[in-house]
Protein chains: 2
Amino acid sequence: MTTRVPGSTPPRPNTGSARPRQADVAAAAGVSQATVSLVLGDNPERLALSEATRERVALAARSLGYVPNPVARRLAAASTDLLGVFTFSHAFPVEVRDSYYPFLVGVERAAARLGYDLLLFTGTSPSNVGDDGADSAAVQKVRLADGCLFLGRRVPEVELDRLLACRFPIVYIGRRTELGGRLSYVGADYVAGAAQVVDHLVGLGHRRLLYLRGTDDVVASTDREDGFRRAVAASGEGVQGEVLRAYATSVDARALRAWRERGISVVVTEENDTNDLLAALLTAAREDGARIPQDLSIALLGEDRSLPESEVTGFRIPRQQMGEEAAALLVDLVTGARSGPVQWLLEPTFLPGTTTGPPAVSGPAAVSERTPSTAAEGDLHG
Amino acid sequence: MTTRVPGSTPPRPNTGSARPRQADVAAAAGVSQATVSLVLGDNPERLALSEATRERVALAARSLGYVPNPVARRLAAASTDLLGVFTFSHAFPVEVRDSYYPFLVGVERAAARLGYDLLLFTGTSPSNVGDDGADSAAVQKVRLADGCLFLGRRVPEVELDRLLACRFPIVYIGRRTELGGRLSYVGADYVAGAAQVVDHLVGLGHRRLLYLRGTDDVVASTDREDGFRRAVAASGEGVQGEVLRAYATSVDARALRAWRERGISVVVTEENDTNDLLAALLTAAREDGARIPQDLSIALLGEDRSLPESEVTGFRIPRQQMGEEAAALLVDLVTGARSGPVQWLLEPTFLPGTTTGPPAVSGPAAVSERTPSTAAEGDLHG
DNA sequence: CTGAAAGCGCTTACAG
DNA sequence: CTGAAAGCGCTTACAG
């Protein structure tokens, strides 16, 4: 047994298990290493090489089993062919597994098509949370890639500003207004989506609409509210919209009854990860004995993804397409095909569903005439 | 406007937008580039640096926003803190979205905990399929990472052998027998899982068991069959097991009736992506008027993941745990904490379900006495 | 305790 | 059409 100094490797182990380099191919083919690079790489000057040399090099490469070292290639070429994906939390959550998946599907497809691999940054590790220095390093790590996609609600402005300052390509999935509009993004057009839903409701005859939004001030939530307001305003004078911020726990039969007594014939709520507002609303309707959609219409600014085949009227955010377009846009930014902040909004697809219908013919008085339980019995079996 | 030769970049643009290198930090701190490397890298010699120097360098690095270039680190024979994930197909399939997700959840968690990021290789692009050379390059790309996890049924032996030869750390998720047992893996113990199910059935009183397997010769399928055979053999002389290879389309009421008339009281089948065999079996049972589990018991070597709350007797493959352990093992291989092929099998969790019960008291004759339709009517409402 | 140097395996101007 | 050289941004012995 020989004593070996740890880490002391012979200059070039001739074990045969070592991976052949361009230099080895060059030696075998009797050309220079640079020529090998020219022949094997997909450079435009390839045409400037003699057919004979090319064949000789190709043969030598094949017989030696040469495979380019991607690391060296990337260091030299200053590109990694890697697209970063930063999620601020687990990219693969178990609780709300739907959250990122559709985006990732699109991102992967576009990346594969365009010849990029994906670098998934495994959320901020516990030790980094709250520590600004470490957190900053976490975000800066994205520079390993040629560019980076950001998902999730957090926007670390200082870090992103720094990245933007070095012209590091960034694309957000979801609209972001931070950093003075300098962030590129591919988002959903909630205004258009809300208009689809509101127009559908107004077309059915509804005149008093209630919009129930959560208490979270995220862009997706604010944009939905904004879309609702605009769509109602665009519907003309006869249509009244009301917006209420609510916790799911405060949405119960009593509240619902009060709304209905005030003449509200449809409640629109927002989609979120858990759709707790929708669930609370459906429960409240059941308890209040309101048939859907005969007595009450319910719509969602978004989609109920908790059930495979949900029938709630709403719209589908084109998540996969957003992922694809975001990745494609990022590649354009990386290659220089585009520049500057690019901001796209993709229009959702309207989902007619079965939870909306014409408003009940009876006025508010009719609602209060029946007790909830009686109504429920009658409605279900009548 | 100045004419610029394409690609001609100044030696070192002083725009401040460029990404800082160790050399820049060194200049700012008034030390050599190598000292910066020593201070910033996590090398053991770190202690041999004066506190003053370290602080100066750290300060300069922070103020410049220095982030080490992982590609350069990797080339310089260090590590990238990257774990590769190679899937041979889309990592995020849309059709059978359950397939990789649970593994990825575990992989991400372990990676995050251990301080690694994930490099997802975006499946073989269409142009690479079938082309050996390009395909080989696709697999070789994994060397960008410190090590790589492989998922999926394909095992490109030549490529993996090459990686193994350069001692590149590889861990398969799922048992693999290729390459003469030199592949490390973390798999599911199907033999143990099958024993759980068979023991349960025999304990209920079943003596004639039929195992219906698909026609695909993948390890997971073969291992299940093997597990079934062994468990039956271990049950003693009174228990008979039969194995049948079948397409889902060939499993119908007639076939089922024939089996039952031969005294088979329970049909066990295998889990696969679509669980088509299980579906065919349930349909056949319904058409044959066999109540489950009163007239016929049905069990799965695996789990029915098509429904959120499936009640089929079977076992759950600990997919998330497999992902976690595979990633942790890979890290051990990368750091040298372990070496050589390491092969782990994780025991599944038994799922009692509601599709198995004691065998029907009546013998085969009883089965043929009734016509299917009559039986169905009587069974459902009697 | 710190610096100068070599080298990882490529790509890319630049000469010949 | 091909070669010699520099350089990508690091790490790691090896000197001082």
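In what follows, every chain begins at residue 1, and chains take the letters A, B, ... in the order their sequences are listed.
- In this structure, Gln22(B) atom CD and dG7(D) atom P are separated by 18 Å, rounded to whole Å.
- Rounded to an integer number of Å, the gap from Asp81(A) CG to dC10(C) C1' is 14 Å.
- Nearest-nucleotide mapping onto DNA chain D: of Ala52(A) and Gln33(A), the residue sitting toward the 5' end is Ala52(A).
- No donor-acceptor pair under 3.5 Å is formed between the side chain of Asp117(A) and the backbone N or O of Leu82(A).
- Closest to the Ser32(B) side chain, of the nucleotides dG9(D), dA4(D), dG3(C), is dG3(C).
- Distance Tyr66(A) OH to dG9(C) P: 10 Å, rounded to the nearest Å.
- For Ser37(A), taking side-chain heavy atoms from C-beta onward, the closest of the listed nucleotides dG3(C), dG7(C), dT12(C) is dT12(C).
- dT11(C) atom C1' lies 12 Å from atom CG of Leu75(B), rounded to whole Å.
- The closest donor-acceptor contact from the side chain of Arg56(B) to the backbone of Ala29(B) lies under 3.5 Å.
- Of the candidates dT12(D), dA4(D), dC10(D), the closest approach to any side-chain atom of Ala76(B) belongs to dC10(D).
- Checking side-chain atoms of Asp146(A) against main-chain N and O of Leu83(A) turns up no donor-acceptor pair under 3.5 Å.
- Within the shown strands, nothing qualifies as a pairing partner of dA13(D) under the Watson-Crick or G-U definition with both distances less than 3.5 Å.
- Rounded to whole angstrom, the span from the CG atom of Leu64(B) across to the P atom of dG9(D) amounts to 14 Å.
- Rounded to whole Å, the distance from CZ on Phe168(B) to P on dC8(C) is 19 Å.
- With Arg176(B) contributing its side chain and Arg182(B) its backbone, the two residues share no donor-acceptor pair below 3.5 Å.
- For the pair Gln343(B) (side chain) and Gly181(B) (backbone), a donor-acceptor distance under 3.5 Å is present.
- In this structure, Asp24(A) places its CG atom 13 Å from C1' of dC10(C), rounding to the nearest Å.
- Atom-to-atom, CZ of Arg21(B) to C1' of dT11(D) comes out at 16 Å; the value is rounded to the nearest Å.
- The side chain of Thr35(A) contributes an N or O atom lying less than 4.0 Å from OP1 or OP2 of dG3(D).
- dA4(D) is unpaired under the criterion used here, namely a Watson-Crick or G-U wobble arrangement in which both key atom distances are under 3.5 Å.
- Side-chain nitrogen and oxygen atoms of Thr53(B) include at least one within less than 4.0 Å of the OP1 or OP2 phosphate oxygen of dT2(C).
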